[in-house]
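Just follow the structure's listing: the first ligand is 1, and inside any ligand the first atom is 1.
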Amino acid sequence: MRILDDVKLDYEDVLLRPKRSTLKSRKDVLIERSFTFYHSPKKWTGIPIMTANMATCGTFEMAKILSKHKIVTTFHKYYSVKEYEKFFKTFNKPDYICYTTGIRDKDIKQLKLMKRKKLLEKFSFICLDVPNGYLQNFLEVIKKVREICPKHIIIAGNVVTNEITEEIILAGADIVKIGIGPGSACTTRKMTGVGYPQLSAVIECADSAHGIANEKGVGRIIADGGQQYTSDIAKAFCGGADFNLCGSLFSGFEESGGKTVIKDGKKFKEYFGSSSNKAMKEFYGKKDEYRASEGRYALIPHKGSIHDFIQDLMGSLRSTATYIGARQLKEFPKRATFLKVNRQLASYLERYDTGE
Ligand code: 5GP
C-alpha cells in the first residue's frame, strides 16, 4: 500500500486569476481551433466541444443542430446500422460527428459492417469507449481499430493517469478520453472508491499527451465529464484539454434525448448514466448479474431550447478569454493562472446558483 499525498484538484477547487488584456471586444476572441494528429492524416477545425456518447445527448437530432455550430456530437452506442443508413440520406458533416464503439467482438463486427457499407467514411471521429481503459485487452483493440480505420481520428478512453495516456496514443489513438468518476450521472467513486480529481487528471494527462509528437502532430486529450458549469469547460481548456466532452450540460433540452416528464405541473427531462439500470434495461433488455449499476437516473428541470445554451456557452468562453487576456482558445493554457480556493468557504458557485 502507498499513499500519494499531494493534493489533486477538481474544477471547483480553483478559480482563474484575471490578467491584463489588450482585447477590445469579446467578439474578437477566436474560439475555433485547428488540430492535426499523431496518427490520423486529417486536419480538423471547429469548436473543440463534444456531447457525451449518452442516450440523453448523443443523438441524431442534436447533431443536426450542433454541427451548424461546428460542435461535435458523439453518438450513443445504440443506433443500428439501418438507422445510420437512414440518417445519412440527409446528413453530411463528417467533421462534427463521432461514431462510438465498445471493444466486444460484436462491437468490432458492427464497426466492420459500417465500413463495408461505406457508412464509417461519413464520420471523421471514432470513439472507442470503455469505463476502464486500463485493461490490457483495450490496447490490443485500439491497435486493431487503427488497422481497420487508418485515416479516422480515433478517440480512446477512459483513463486518468499519464503513463497509460502515452500507451494509448502509441497503440493507435489520436485522442485520449480522460475521466474516471467525475460524471454527474456516475456513481463509480461511490461504488468502487476509484477515481481521480478531474482538473488534475486533465493537467497531468495533457502534459504527457502533448509530449508525444511526430511530423504530423501531437497526442491530444478530451476532458470527459464533471463540467457542471460553462466555467468548468474554460478551466479544462486552461488545464490543457484539447477538447471538452459533456453529458449533463447538453442534456435536458427540448432537442436532447430522454423522455419529457411532467411532475407536479413542472416539466422535466430524463438524464441517466450509460451504466445505469435504466440504460442497461432499456438498451440491452437486461442487466447482467455480475454487473452493478454505476450510473444514476435523474429527472432534471427542462432547460428549453439548446440554441440559447449554445450562445451562453460561446459567450462565456469569450468572456473567460477577455478576463485572462487570451486572444484565442489556443492561448488559454499559456494565459491561465489557477488560484486554489477553499471549497467550503468559497461556495461561490452555489451563491451564483441561487441568484443571491
Ligand atoms: P457529465 O458531463 O454529465 O458530468 O459526465 C458525462 C460523462 O460521464 C460521460 O461522458 C461518461 O464518461 C460518464 N458517464 C456517463 N454515464 C455513466 C455511467 O453510467 N457510469 C459512469 N461511471 N460514468 C458515466
Can the ring centroids of [X] and [Y] be said to lie less than 6.0 angstrom from one another?
X      : Y      : result
Phe253 : Phe309 : yes
Tyr271 : Tyr297 : no
His39  : Phe37  : no
Phe123 : Tyr96  : no

Ser251 and side chain to side chain contact (heavy atoms under 4.5 Å, CB included): which partner among Ile306, Thr56, Thr51?
Thr56
Which protein heavy atom lies closest to [atom], and at what distance to 0.1 Å?
atom                    : answer
atom 8 (O) of ligand 1  : Gly183 CA, 3.6 Å
atom 24 (C) of ligand 1 : Cys186 CB, 4.0 Å
atom 2 (O) of ligand 1  : Gly247 N, 2.7 Å
atom 19 (O) of ligand 1 : Ser275 N, 2.7 Å
atom 15 (C) of ligand 1 : Met54 CE, 3.5 Å
atom 3 (O) of ligand 1  : Tyr271 OH, 2.5 Å

Could you tell me whether atom 21 (C) of ligand 1 has a protein heavy atom closer than 4.0 Å?
yes
Could you see which bit of Leu245 sits under 4.0 Å from ligand 1, with heavy atoms only: side chain, backbone, both or neither?
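Just the side chain.
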I need the Lys334 NZ to Ile324 CD1 distance, nearest 0.5 Å.
11.5 Å
Which of the listed options, Ser248, Gly226, Ala223, Cys57, holds the heavy atom that is closest to atom 4 (O) of ligand 1?
Gly226
Cation-aromatic face contact Lys235/Tyr11, 6.0 Å, 45 degrees:
no
Does any N or O of ligand 1 fall below 3.5 Å from an N or O anywhere on [X], backbone included?
X      : value
Asp224 : yes
Thr187 : no
Ser274 : yes
Ser184 : yes

Going by the ring-ring contact (aromatic ring centres under 6.0 Å, His included) test, name the single residue among Tyr79, Phe75, Phe125, Tyr84 that passes it with Tyr99.
Tyr84
Evaluate the side chain to side chain contact (heavy atoms under 4.5 Å, CB included) criterion for residues Phe243 and Phe35: first the C-alpha distance (whole Å), next the side-chain angles of each, then the deciding distance (0.1 Å), finally the verdict.
CA-CA 10 Å; Phe243 292 84; Phe35 291 125; 3.5 Å; yes
Val176 vs Cys205 side-chain heavy atoms within contact, under 4.5 Å:
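Of all side-chain heavy-atom pairs linking Cys205 with Val176, none is under 4.5 Å.
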Against heavy atoms of [X], which atoms of ligand 1 measure under 4.0 Å?
X      : result
Ser276 : 19 (O)
Cys246 : 2 (O)
Asn158 : 12 (O)

